[in-house]
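What follows is a set of notes on a single structure, which appears directly below.
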Amino acid sequence: MAFKIARWTWPDRLVLCVLVLVIAVSALPWFGRAVAEGDRAEFRTLRFNATAWEASTQWSIAILLAVVAGVGWLLLRAVGRAGPPVGLICLLLVGCSVWLTVRRWHSIPRASGHDAVITVVLPRFTSSPSYVIQRDHLSIDHGTGYSADVRYGLYVGLLVLCALFVTLLVAALTRSARNGPTQVE
């Protein structure tokens, strides 16, 4: 039972590519706040963004589950031990990571409908601690001069997690199809 990357088929290599994308996407902004700063003459927007790792424990766990599933599949394929049960476990792990991501997204509370004007005057090169994103203390709020909501990283992350699920499914199915049905004597 030797470790051979030569055992990887094209779907396995595709799993590796998508796995790299999962790790890269986790560093994109998944949640952020935008705050208006200054007076009307020097108006600009301060942005406070957080990655999946910084914003939410559930998103961090989702990324870790997906990485464990992908790496586990690839390692077991390299040693020749990736059968249907392994494929099913990997698919369940990635499905769980998609579920955790969506669950956390939909559990972010929405602020009450107020339309207060928030303008912050800050000294240069500093940030207000009240607007910095605290892990797991997220809330969606939109007002004049203030916005807090999910960012594009969440959408890209969900897309890549679903792509990992599909590529693992294809890799597992092509693996079983290539082996063919087992003969019972």
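Residue numbers run from 1 in the order of the sequence given. What you see is a predicted model, and the numbers here were worked out from it, not measured in a lab.
- For Gln58 against Leu100, the heavy-atom pair with the smallest separation is OE1-O, 3.9 Å.
- Residues satisfying the side chain to side chain donor-acceptor pair (under 3.5 Å) test with Ser139, not counting sequence neighbours, are none.
- Here Asp12 contributes atom CG and Thr9 contributes atom OG1; the two are 3.5 Å apart, rounded to the nearest 0.5 Å.
- Residue Val94 comes nearest to Ala66 through the heavy atom pair CG2-CA, 4.4 Å, listed as atom of the first residue, atom of the second, then distance.
- By the side chain to side chain donor-acceptor pair (under 3.5 Å) test, Ser26 pairs with Trp53, sequence neighbours left out.
- Nearest heavy-atom pair across Trp59 and Thr101 is NE1-O, 3.2 Å.
- Put simply, Ile89 and Leu75 are part of two different groups of oily side chains (I, L, V, M, F, W, Y) that touch within less than 4.5 Å, one to the next.
- Atom CG of residue Leu161 and atom CH2 of residue Trp99 lie 14.5 Å apart, to the nearest 0.5 angstrom.
- Pairing each heavy atom of Pro109 with each of Leu138, the nearest pair is CD-O, 3.3 Å.
- No path of Ile, Leu, Val, Met, Phe, Trp and Tyr side chains, each step under 4.5 Å between heavy atoms, connects Leu76 with Leu92, placing them in separate hydrophobic clusters.
- Summarising the geometry of Ile63 relative to Ala52, their closest heavy-atom pair is CG1-CB, 4.4 Å, with the distance given to 0.1 Å.
- Note: Ile140 CD1 to Ser147 OG = 9.5 Å, rounded to the nearest 0.5 Å.
- Of the options Val98, Val67, Val18, a side chain to side chain contact (heavy atoms under 4.5 Å, CB included) to Leu164 is made by Val18 and by none of the others.
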Kindly list each side-chain donor-acceptor pair under 3.5 angstrom involving residues 148-160, sequence neighbours excluded, with atom names and distances?
unit_1: Asp149; atom_1: OD2; unit_2: His142; atom_2: NE2; d: 2.8
unit_1: Arg151; atom_1: NE; unit_2: Asn49; atom_2: OD1; d: 3.1
unit_1: Arg151; atom_1: NH2; unit_2: Gly32; atom_2: O; d: 3.4

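- Atom CG of residue Asp141 and atom CZ of residue Arg33 lie 9.0 Å apart, to the nearest 0.5 angstrom.
- Of all heavy-atom pairs between Cys90 and Ala69, the closest is SG-O, 3.3 Å.
- Val68 and Leu74 fall into different hydrophobic clusters, where Ile, Leu, Val, Met, Phe, Trp and Tyr residues are linked whenever their side-chain heavy atoms come under 4.5 Å apart, directly or through other members.
- With rounding to the nearest 0.5 Å, the separation of CZ in Phe31 from CZ in Arg104 is 8.5 Å.
- Connection of Val25 to Trp105 is established within a shared hydrophobic cluster, with ILVMFWY side chains joined at heavy-atom distances below 4.5 Å, either directly or through further cluster members.
- Rounded to the nearest 0.5 angstrom, Leu93 CG and Phe165 CZ are separated by 11.0 Å.
- Note: the hydrophobic cluster containing Leu21 also contains Trp30 (ILVMFWY, side chain heavy atoms under 4.5 Å, direct or indirect links).
- Atom CZ of Arg103 is surrounded by 12 or fewer heavy atoms from other residues, nucleotides or ligands within 6.0 Å.
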Q) Given Leu91 and Trp73, is the side-chain contact (heavy atoms from CB on, under 4.5 Å) satisfied, shown in steps? A) CA-CA 10 Å; Leu91 288 172; Trp73 172 260; over 6 Å; no
